[in-house]
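In what follows, every heavy atom counts, from backbone to side chain, and hydrogens, waters and symmetry copies are set aside. Everything numeric in this text was worked out from a predicted model, so none of it was measured.
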Amino acid sequence: MYPLLISALIIAVDQFTKSLVIERLMNNADITVIQKFLSFTYVENYGIAFGMFKDQRIFFIIATGLIAAVVLYFMFKTYKQY
């Protein structure tokens with residue numbers, strides 16, 4: 001049960017931070033946190049890492065579904081052992 005709760009919490013925090021970024025950075029200039037060291041800039045990536053597989057939406061849907069199925073399978077398989 002705990003792995004599902006932890007997963008749900010991670011997803012919720014991820015979605016919350018994404019909404020903050022869209023709200024505060026999308027139409028604004030950079031936000032500097034520490035001068036010449038840390039600043040945030042809004043950038044959209046339409047692919048995976050470094051823009052690979054750009055505009056391959058079907059590939060992402062299938063890959064995500066397969067990965068989620070494998071992770072859930074191993075989570076429930078491991079959970080039954082305890």
Side-chain angles (χ1 to χ4, degrees):
M1 184 68 158
Y2 288 117
L4 291 176
L5 291 174
I6 292 170
S7 299
L9 179 63
I10 290 171
I11 291 169
V13 169
D14 176 61
Q15 293 301 308
F16 176 71
T17 56
K18 286 177 182 177
S19 68
L20 281 177
V21 166
I22 290 171
E23 176 186 320
R24 298 190 181 184
L25 283 176
M26 189 170 191
N27 297 321
N28 298 325
D30 299 348
I31 294 178
T32 301
V33 179
I34 301 172
Q35 193 70 7
K36 295 184 180 181
F37 182 72
L38 179 64
S39 65
F40 294 102
T41 305
Y42 182 79
V43 177
E44 290 188 10
N45 181 10
Y46 295 103
I48 56 176
F50 310 110
M52 295 185 317
F53 299 108
K54 184 177 178 182
D55 299 324
Q56 299 294 320
R57 187 178 186 118
I58 298 297
F59 170 76
F60 288 138
I61 292 170
I62 293 170
T64 302
L66 289 173
I67 292 168
V70 169
V71 168
L72 286 172
Y73 170 77
F74 283 110
M75 280 177 55
F76 286 110
K77 183 178 178 184
T78 304
Y79 183 71
K80 290 180 183 180
Q81 291 177 357
Y82 296 107

Rounded distance (nearest 0.5 Å) linking atom [atom1] of [X] with atom [atom2] of [Y]:
X   : Y   : atom1 : atom2 : value
I22 : N27 : CD1   : CG    : 10.5 Å
K77 : L72 : NZ    : CG    : 14.5 Å
I62 : Q56 : CD1   : CD    : 10.5 Å

Is the closest side-chain donor-acceptor distance between D30 and S39 under 3.5 Å?
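Absent: no donor and acceptor within the cut-off.
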What closest approach, in Å, do Y42 and L25 show between heavy atoms, and which atom pair accounts for it?
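Y42 and L25 have their closest heavy atoms at CB-O, 3.5 Å.
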Determine the minimum heavy-atom distance between I31 and R24, stating which atoms define it.
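That would be CD1-O, 4.1 Å.
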[Y] reachable from [X] in the ILVMFWY side-chain graph, under 4.5 Å edges:
X   : Y   : answer
V70 : F59 : no
L66 : I58 : yes
V33 : F37 : yes
V21 : I11 : no

Flag the pair M75 / L4 as yes when at least one side-chain heavy-atom distance between them is below 4.5 Å, and no otherwise.
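A side-chain contact under 4.5 Å exists here.
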Taking the side chain as C-beta and beyond, is there a heavy-atom pair between K18 and E23 under 4.5 Å?
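No. Closest side-chain heavy atoms not under 4.5 Å.
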Give a yes or no on whether F60 atom CZ has more than 12 heavy-atom contacts from other residues, nucleotides or ligands under 6.0 Å away.
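Yes - once you tally the heavy atoms of other residues, nucleotides and ligands closer than 6.0 Å, there are more than 12.
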So does F16 get a backbone contact from the side chain of S19, meaning a donor-acceptor N/O pair under 3.5 Å?
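Yes, S19 side chain to F16 backbone: donor-acceptor pair under 3.5 Å.
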